[in-house]
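What follows is a single structure, written as structure tokens, with notes after it.
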Amino acid sequence: VSPGITDLLGYSIEEFKNFTFEENALNIHPEVVEQNQKQINQLIQGKFAGDDHKAYLELRYKSKSGNYVWLQTERGLLFDENSQPEFILAYHREITKEKEAESLLKEYKHLVSSSRDLLALFGMDYKCQAVSNSFADYFHLQMDEIIGKSINEIISEESYKKLLPYVEECLTGKDVNCQTWLNFPGG
């Protein structure tokens with residue numbers, strides 16, 4: 001048992017060692033208990049016989065304080081001298097912040113895409129994450145012609161140069177308000 005996981009979840013090494021399989025399963029969020037059990041069974045049966053013989057799962061695990069923590073789990077088998085599965089070795093990485101950010105991005109995408117305003121949501125890489133139907137319709141484009149494209153592929157170079165300082169300031173975490181005319185390619 002890694003000290004990192006004991007610090008993260010609040011259980012001592014002894015508590016982890018004394019968990020029965022069933023007790024451990026009770027700490028897994030109900031949404032993935034069945035998937036978790038199925039994956040462990042498949043692992044033991046050798047159904048993950050790819051190059052790495054490993055299985056991966058994202059799950060929420062209940063900490064000692066009662067809060068759930070998102071974990072990315074990588075599991076593999078350790079075999080005895082007769083090549084029979086003896087132990088399941090699991091590595092965990094906390095992904096709570098990533099899952100929260102993913103959820104927030106999903107909400108933003110929904111808000112942008114359902115707006116009647118001409119809205120576009122761009123990521124830190126300047127690539128379009130979501131657009132409103134109004135935005136796509138106004139420019140006579142399909143959403144899939146816009147999503148994933150960088151700002152400078154959507155607006156003219158002149159407009160991009162005008163807008164870039166505002167975008168960079170926004171990415172520092174500041175609230176930015178700007179009003180400018182943008183020329184779009186072909187329109």
Side-chain angles (χ1 to χ4, degrees), residues 8-10 25-40 42 48 54-63 65-75 90-187:
L8 178 65
L9 297 174
L26 289 174
N27 286 323
I28 295 172
H29 195 277
E31 290 175 351
V32 293
V33 167
E34 192 174 309
Q35 183 182 0
N36 179 63
Q37 185 59 52
K38 181 179 178 185
Q39 187 184 73
I40 289 171
Q42 289 174 333
F48 291 98
K54 293 179 183 169
Y56 303 88
L57 183 66
E58 291 181 352
L59 55 85
R60 288 187 285 170
Y61 195 92
K62 191 187 306 181
S63 68
S65 68
N67 297 322
Y68 281 98
V69 176
W70 275 101
L71 299 174
Q72 183 179 54
T73 305
E74 175 184 322
R75 297 174 176 144
Y91 298 96
H92 305 286
R93 182 175 74 86
E94 183 186 12
I95 58 169
T96 303
K97 287 182 181 169
E98 290 93 332
K99 293 304 265 185
E100 289 170 351
E102 189 179 287
S103 177
L104 191 58
L105 180 59
K106 189 176 180 179
E107 287 179 44
Y108 284 148
K109 285 180 177 181
H110 176 72
L111 287 171
V112 168
S113 65
S114 61
S115 174
R116 292 184 180 188
D117 295 325
L118 274 72
L119 293 178
L121 174 67
F122 291 90
M124 301 279 288
D125 59 359
Y126 301 105
K127 291 193 177 182
C128 186
Q129 302 288 316
V131 295
S132 64
N133 286 326
S134 302
F135 186 97
D137 291 345
Y138 183 80
F139 296 104
H140 308 290
L141 297 169
Q142 299 296 316
M143 284 192 179
D144 61 357
E145 294 177 282
I146 303 169
I147 305 293
K149 299 239 171 142
S150 63
I151 296 171
N152 61 337
E153 292 177 279
I154 298 170
I155 62 175
S156 71
E157 187 175 337
E158 177 189 332
S159 295
Y160 178 71
K161 286 179 182 176
K162 270 198 250 181
L163 192 59
L164 189 59
Y166 296 109
V167 172
E168 289 177 343
E169 187 177 359
C170 181
L171 291 175
T172 66
K174 294 181 183 174
D175 288 336
V176 177
N177 294 307
C178 75
Q179 184 174 359
T180 187
W181 285 101
L182 301 177
N183 297 318
F184 288 80

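We number each residue from 1, following the sequence as shown.
Nearest heavy atoms, Cys128 versus Ile146: CB-O, 3.5 Å. When all heavy atoms of Asn27 and Tyr68 are compared, the pair lying nearest together is O-CE2, 3.8 Å. Contact record, Gly123 with Gln129: N-CG, 3.7 Å, taken as the closest heavy-atom pair.
Counting heavy atoms from C-beta outward, Lys174 and Glu168 have side chains that stay 4.5 Å or more apart. Residues Tyr61 and Leu9 form a side-chain contact, since some pair of their non-hydrogen atoms from C-beta on lies under 4.5 Å apart. Using a 4.5 Å heavy-atom threshold, the side chains of Glu102 and Lys106 count as separate. In this structure, Leu119 and Val131 have side chains that are not in contact, with every pair of non-hydrogen atoms separated by 4.5 Å or more. A heavy-atom distance below 4.5 Å is not found between the side chains of Ser159 and Leu163. In this structure, Tyr126 and Leu164 have side chains that are in contact, with non-hydrogen atoms separated by less than 4.5 Å.
In terms of modelled atom types and a separation under 3.5 Å, the side chain of Ser114 and the main chain of His110 share a donor-acceptor contact. Proximity of a side-chain donor or acceptor of Ser63 to a complementary backbone N or O of Gly10 within less than 3.5 Å is not detected. Of the possible polar contacts, one joining the Gln39 side chain to the Tyr56 backbone as a donor-acceptor pair under 3.5 Å is found. Side-chain atoms of Ser132 do not come within 3.5 Å of backbone N or O of Ser113 as any donor-acceptor pair.
Residues forming a side chain to side chain donor-acceptor pair (under 3.5 Å) with Asp137 (at least two apart in sequence, or on another chain): none. With sequence neighbours left out, Lys161 forms a side chain to side chain donor-acceptor pair (under 3.5 Å) with Glu157. Every side-chain contact (heavy atoms from CB on, under 4.5 Å) that Ser103 has, sequence neighbours left out, goes to Glu107. Not counting sequence neighbours, the partners of Gln37 by the side chain to side chain donor-acceptor pair (under 3.5 Å) test are Asn41. Partners of His29 according to the side chain to side chain donor-acceptor pair (under 3.5 Å) rule, which considers only residues two or more places apart in sequence or in another chain, are Arg60. Residues satisfying the side-chain contact (heavy atoms from CB on, under 4.5 Å) criterion with Thr73, sequence neighbours excluded, are Leu59, Leu71, Arg75, Ala90, His92.
Here the NZ atom belonging to Lys97 is positioned 14.5 Å from the CG atom belonging to Leu104, to the nearest 0.5 angstrom. Rounding to the nearest 0.5 Å places NZ of Lys127 at 10.0 Å from CG of Asn152. Once rounded to the nearest 0.5 Å, the distance linking CZ of Arg93 with CG of Leu8 reads 12.0 Å. Residue Glu169 holds its CD atom at 10.0 Å from CG of Asn177, rounded to the nearest 0.5 Å.
Electrostatic pairing of Lys99 and Glu58 counts as a salt bridge here, judged by a charged N lying under 4.0 Å from a carboxylate O.
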Evaluate Val112 against Phe135 for side chain to side chain contact (heavy atoms under 4.5 Å, CB included), listing each step before the verdict.
CA-CA 10 Å; Val112 168; Phe135 186 97; over 6 Å; no
